[in-house]
Amino acid sequence: MITGETFSSASPHLGRLAAMNRASLEALQLRRIQALLERLYARNPFYRDRMDAAGVRPEHIRSLEDFRKRIPVATKQDFLADQEAHPPFGRRLGVPREDVALVTLTGGTSGQGQEVYGRTQRDVHMLGYLHQLPWTMAGLRPGDVAFNCVPAGGMTTGGWGPGEGFRIAGATAFHVGGSLATDAKIDMMLRFREAHFIYASTNYHHTLAEGFRRRGIRPAEGFPMMRTLFTAAEGYPIEWAQELEAFWGCRLHEGYGSTQGVGFIASTCECGAVRQGGSRGCMHFLEWENYAEVIDPDTGEPVGPGEEGEIVLTNLGVEASPVLRFATRDRARFIPHHACGCGRPWNGIEAGGIARYDDMMKIRGNNVWPLSVDNAVFSHAHVEEYAGRVFVDHAGRTEVEVRLALKNDAPADEAWREDLCRTLTERIKAATNVLMNVRVIPREDLPSFSYKARRWTDERREGMRTERRT
Amino acid sequence: MTQAETQPNPAQQRAALEDMRRAAAVLARVQDPLLRGQYAHLAGRIEALIEILDAGGVPAGGQP
């Protein structure tokens, strides 16, 4: 059990939510789900058609079990088909187009297409709240100085949420992501000295720490007021998290979020990403703002404690482009609320271990699907096979290597091969937003596949583990 | 009744914002770290809107 000041003792609002018993929390969820279904049936033709097709109406949902069993799961393909038939937002927008204040897209590197999301003014506030909320749980307080290392703006939810979140948190935010190189970020932090909170992807936390090490600066001494490192987007080995905490002299926290979640869906409590004793922490679902299920994707049934399953998400407070039982394809280990030890009634998932049911890889903050690279590489007529490898180099940077094998009739001269590698590097960058190192190797150095190809290996966990320093 | 007749005139807008400013002053006393910044954000927007009306010649008291 946590002792001392907690976020639920500091915040009466969170204190009330934390003091609920499980039955009260589920009753709250059911009330919000019933209100959501009424609204969607009345105003959202996409979901009304789906409910009609399933033979269910809002008044049939009298329990969470009814909801799980009777409301059909929606997929990315369902949303893309809706957009294709009713461009640009699809009928799932559910509000007048004129009420849309922000448009965001999913990454588009799946090779399947980008989902389009409209957000109302109210939704934009919720976008900020669903960033501020986990950060408050992780220790951010009004007046704190925060460094946002995630690139701001653009068409992504992650580009806009942090700015909104820090603003309504009352924090003094430095949006250094994307606009400043690592050394310039460090210079900025040294110039202002006062810093309480850093938000960055897992990989960028690593890069930033390496930057400090390279310059011989120990942040635990240089920034004694630092309270929280907050991360998202990529998994990590537990040893890496422990070292990062020791290096900075503060706790590492983690959130699980997505465009469909309009920000964070789950976040760690005071136990952090790593518990005392060295086991992984729990990212608690923010269950009063979303209804998150962890299900066996084959049976559709909820998984048991400690088991892995797919996260299926329902927004409880989103107006435009809401998701109703959306199958995220995100894979996570289910942690029931009582297993955390913090005493709160919120179920969750294991920190540091979010993965994908499909082959998507998170590389430098980008969602990269092998299919996108396949399309780019095999667009060249002389390529026979390839293999991709994601790893952490000796300097702590995430690197990606693409090794090509050419067909027998490909020209042998070096200049032609260099030109080929340059061309494919550009095509892959255009398809994935990630710069990869492309080189040619003999065909016999690559495997052949008799069934499904597995061309990619992700060695980052091992790389960070073997590269760790004290 | 036309839309022009039903929409609030500048004086009514100013009066409504003054009501909101008084409400924001009440909310500003909240110390909950989850809500304090959100209320300050709201108060800042209301203050800015009142200034925008001021610049357009709608002074306090609601008389243009």
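The aromatic rings of A/Phe166 and A/Trp135 sit parallel to each other, their planes meeting at less than 30°, with 60° as the upper class boundary.
Per-residue counts of heavy-atom pairs under 4.5 Å with chain B were compared for A/Ser11, A/Gly128, A/Gly143, A/Gly170; the largest is that of A/Ser11.
The existence of a salt bridge linking A/Glu270 and A/Arg251 is excluded, since no basic side-chain nitrogen approaches an acidic carboxylate oxygen closer than 4.0 Å.
Only the backbone of A/Ala169 comes within less than 4.5 Å of a heavy atom in chain B; its side chain stays farther off. A/Leu133 touches chain B through backbone and side chain together, each having a heavy atom under 4.5 Å away.
Nearest heavy atoms, A/Arg193 versus A/Phe223: O-CD2, 3.2 Å.
When ring centroids are compared, A/Phe285 and A/Tyr291 stay outside the 6.0 Å threshold.
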